[in-house]
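First comes the structure, then the notes that go with it.
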Amino acid sequence: MFSCPAPAIKRPEPFAARIPAGRRYHSAHDPPGHKQRKRQSNSMSQVVTRFAPSPTGYLHIGGARTALFNWLFARGRGGKFLLRIEDTDRARSTPEATEAIFEGLRWLGLDWDGDAVSQFSRVERHAEVAREMLEKGAAYRCYATQEEIQAFRDEAKEKGLPPLFRSPWRDKGPEDWPDAPYTVRLKAPREGEVTVEDAVQGTVTWKADQMDDLILLRSDGTPTYMHAVVVDDHDMGVTHVIRGDDHLTNAARQSLIYRALGWDLPVFAHIPLIHGPDGAKLSKRHGALGVEAYRDMGYLPAAMRNYLARLGWAHGDDEFFTTEQATEWFTLEAVNKGAARFDFAKLENLNGQHMRASTDAALMEALDVLAAAHKIAPVEGARREMLLEAMPGLKERAKTLLELHENAYYIFADRPLQIDEKAAKNLGADAAEMLARLTPHLRNASPWTSEKTEETVRAFAETEGIKLGKVAQPLRAALTGRAVSPGVFDVMATLGRDECLARIDDVTAGHAGAA
RNA sequence: GCCCCGUUGGUCUAGCGGUUAUGACGCCGCCCUCUCAAGGCGGAGAUCGCCGGUUCGAAUCCGGUACGGGGUACCA
């Protein structure tokens, strides 16, 4: 795409929640034992990671980094990177958000394997597994109502006791079951310890009595997140679960489900969250921007990948690297445990470096993407040619594409130019007269190249007995309307003789010596 | 409340028992120079959260503590 080409983005089929759940998982109809064996032999050879966002809004920067880490890990090991949309919360999930997530990942260049999976489309399978657990005695029907549970918690809180609900239905049998809706709860161990071996956090241990009998299936028969993730990750053959460390405790609870089912645990890796510049956590409701916001601000995907990867992960002292290098270098062990703050200044710097490392053509394309994002027409025709020609000088001076576009004002502007304040200071009466004297020399300069115009202007400055800067600055002001621009002689070359003379004429008109 | 996790210059970080504590961003100065960038050179900025312990020796190991974060739902 840009200087650090990301693998071509596969356009997955539009998110197909309609496809019957079983179709997507060859293993869904296999007996559990078979499944497990199959995965064991498979997991040795191939890494499978996944990104599992819930479609309740745009893809925010924290989620993007989680996706990136999963992607880097899988791609660096010839593995698969899967995408699952956790849309079981029907009230908050929207197709627009799903599309925004796809769009964000595509822009970032994080391609996923196969179709995105709708978690909601798999409710049947979730229920099926819960039923299996019921039969095995690993789970039980709990008829406690939400009111009863709430009352229990209120009382526990009042007495300063742990608010863990102990269901009275845990050891009841069919003879005790009333004719009422019930939830399916995991029969979690009450003694011993639960240990999670985390690739980032290390070994983390909890006392089993800290865990409650979590609900697998709600009383309306739908699965809870805790249950659905486990079943989906297992069925999808996920070998490495890389996600935010807000899920660390969940990993312990989920490991209980894996254990009850007799399934192999994936490798867990809980990465720290990103904090805002103020140290507060960055979240959707607290300042986290969607990736498209970064696109619109003119950052390159390659720079985003570089910056995001560097946030909380390091490969020695390497700061500026390509995506290929990152995939090659990335390991879970090198991920930091502490949260990092998002720093725009550093992102900008990195973006500038990536822009400079980009080819002119690649930047032109990036500009097209930016234009499309801002819903404005792409630059075409002669101006596109000029832009391309001026690109080397432009990209050297910009930290974002937006800045580059702004600095290319002299290419897009129509005469007469808007002379800004600082430029106007370089265009007093004396300067205008001086430029008027310069005009005939420029008219005769041939060929019209930056070398020739420079030679001409330098000679002129000498005969005038002034420093080059005294000519160059007014010239720059007349030609670009600004006090800052790429080298004036390069500007002249891209603008062409006629346009240059016309612009000079615009500011010298009415002054002595005007030609 | 309880349970987990974290803490190295302003920021991101290197470090993994013995270093003048690494590099980068940002900031300041100089050079280069038609401006601005880029680039080059140099500088300021960290008693490695704090207190103990282990050790001949601790940023590195152990225990406390403070602060920050996360979790504790028929949310994900």
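Predicted model only: the values in this text are computed from it and were never measured. Each chain gets a letter, A, B and so on, in the order the sequences are listed, and its residues count up from 1.
Classification of A:D235 and A:R122 as a salt-bridged pair holds, one side-chain N sitting under 4.0 Å from a carboxylate O. Between A:D233 and A:R84 a salt bridge is recorded (basic side-chain N to carboxylate O distance below 4.0 Å).
Under the ring pair (Phe, Tyr, Trp, His ring centres under 6.0 Å) test applied with A:H240, the options A:F81, A:F69, A:F73, A:F51 reduce to a single match, A:F73. Between A:D87 and the choices A:S118, A:S93, A:S54, the side chain to side chain donor-acceptor pair (under 3.5 Å) rule is met once, by A:S118.
Looking at heavy-atom distances under 4.0 Å, A:P162 makes no contact with the nucleic acid at all. Among the atoms of the strands shown, base atoms are found under 4.0 Å from some heavy atom of A:Q146. If you check every strand for non-hydrogen atoms under 4.0 Å, A:P486 touches a base. Among the protein residues, A:G487 comes within range of the nucleic acid bases, having at least one heavy atom under 4.0 Å from a base atom. Residue contacts for A:E396: at a heavy-atom cut-off of 4.0 Å it reaches a base atom on one of the strands shown. Using a 4.0 Å heavy-atom criterion, one finds that A:G312 contacts the sugar-phosphate atoms exclusively.
Contacts with RNA chain B (heavy atom under 4.0 Å) in residues 242-252 of chain A: A:D245, A:D246, A:H247, A:L248, A:T249, A:N250, listed by number.
For A:F489, whose side chain is taken as the heavy atoms from C-beta onward, the closest listed nucleotide among B:rC2, B:rC34, B:rU72 is B:rC34. The listed nucleotides are B:rC12, B:rA73, B:rA37; the one nearest the side chain of A:D212 is B:rA73. Of the candidate nucleotides B:rG6, B:rU13, B:rC34, B:rC34 has the atom lying nearest to any side-chain atom of A:L468. Listed nucleotides: B:rC5, B:rC12, B:rC74. Nearest to the side chain of A:T183: B:rC74. Listed candidates were B:rA38, B:rC74, B:rU35. Nearest to the side chain of A:S219 is B:rC74. You'll find that the side chain of A:N336 is closest to B:rU13, out of B:rC5, B:rU13, B:rC36. Taking only side-chain atoms of A:V204, from C-beta outward, the nucleotide of B:rU13, B:rA76, B:rC5 with the closest atom is B:rC5.
Nucleotide B:rG42: paired with B:rC28 (Watson-Crick or G-U wobble, both distances less than 3.5 Å). If you check B:rU65 for Watson-Crick or wobble pairing at under 3.5 angstrom, you find it paired to B:rG49. Remark: B:rA21 base-pairs with no nucleotide in the shown strands. Criterion, Watson-Crick or G-U wobble with two distances under 3.5 Å. B:rU54 is unpaired under the criterion used here, namely a Watson-Crick or G-U wobble arrangement in which both key atom distances are under 3.5 Å. If you check B:rU72 for Watson-Crick or wobble pairing at under 3.5 angstrom, you find it paired to B:rG1.
Taking 3.5 Å as the limit, the base of B:rC34 and the side chain of A:R476 contain a donor-acceptor pair of atoms between them. Side-chain N/O atoms of A:R397 and base N/O atoms of B:rC36 include a donor-acceptor pair closer than 3.5 Å.
Of the C1' atoms belonging to B:rC51 and B:rC56, the separation is 23 Å, rounded to the nearest Å. One P atom belongs to B:rC2, the other to B:rA44, and the distance between them is 47 Å to the nearest Å. Nucleotides B:rA14 and B:rG23 place their C1' atoms 7 Å apart, quoted to the nearest Å. The separation of B:rC28 from B:rA21, taken at their C1' atoms, amounts to 23 Å, rounded to a whole angstrom. For B:rC30 and B:rC61, the P atoms lie 44 Å apart once the distance is rounded to whole Å. Separation of the C1' atoms belonging to B:rU22 and B:rG1 is 43 Å when rounded to the nearest angstrom.
The stretch residues 450-479 of chain A participates, sequence neighbours left out, in these ring-ring contact (aromatic ring centres under 6.0 Å, His included) pairs: A:H441-A:F460. Residue pairs meeting the salt bridge (charged side-chain N to carboxylate O under 4.0 Å, His left out) criterion with at least one member in residues 479-494 of chain A, sequence neighbours excluded, are A:E406-A:R482, A:D420-A:R482.
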I'd like a table of atom pairs between the protein and nucleotides 18-20 of chain B - only N or O on both sides, under 3.5 Å - with the distance next to each one.
none

List, with names and distances, any nitrogen or oxygen atoms from the protein found under 3.5 Å away from nitrogen or oxygen atoms belonging to nucleotides 59-67 of chain B.
none

Detail all sub-3.5 Å separations between protein N/O atoms and N/O atoms belonging to nucleotides 24-26 of chain B.
| residue | atom | partner | partner atom | Å |
| --- | --- | --- | --- | --- |
| B:rA24 | N3 | A:K346 | NZ | 3.1 |
| B:rC25 | O3' | A:N349 | ND2 | 3.3 |
| B:rC25 | O2' | A:K346 | N | 3.3 |

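Using a 4.0 Å cut-off, no side-chain N or O of A:R92 falls inside it from OP1 or OP2 of B:rA76. The side chain of A:T145 contributes no N or O atom lying less than 4.0 Å from OP1 or OP2 of B:rC74. A:R482 has no side-chain polar atom (N or O) that falls below the 4.0 Å cut-off from OP1 or OP2 of B:rC36. An OP1 or OP2 oxygen of B:rC74 is reached within less than 4.0 angstrom by a side-chain nitrogen or oxygen of A:R153.
Classification of the A:Y143-A:Y182 ring pair by plane angle, with boundaries at 30° and 60°, yields tilted. Taking the six-membered ring where tryptophan is involved, the planes of A:F152 and A:F165 are perpendicular, since the angle between them exceeds 60° and thus also 30°. Taking the six-membered ring for Trp and thresholds of 30 and 60 degrees, A:H270 and A:F268 have nearly parallel ring planes, at less than 30 degrees apart.
Counting only N and O atoms by type, the side chains of A:D213 and A:Y140 include a donor and acceptor under 3.5 Å apart. Side chain to side chain, A:R476 and A:S485 meet the donor-acceptor criterion of an N or O pair below 3.5 Å.
In this structure the side chain of A:L217 never reaches within 4.5 angstrom of the side chain of A:I215, judged on heavy atoms. Looking only at side-chain heavy atoms (C-beta outward), A:H227 and A:V184 stay at 4.5 Å or farther from each other.
The ring of A:H354 has its center no closer than 6.0 angstrom to the ring center of A:Y299. A distance below 6.0 Å separates the ring centres of A:H405 and A:F412.
A cation-pi arrangement is found for A:R141 relative to A:W177, the charged atom lying closer than 6.0 Å to the ring centre and inside a 45° cone about the ring normal.
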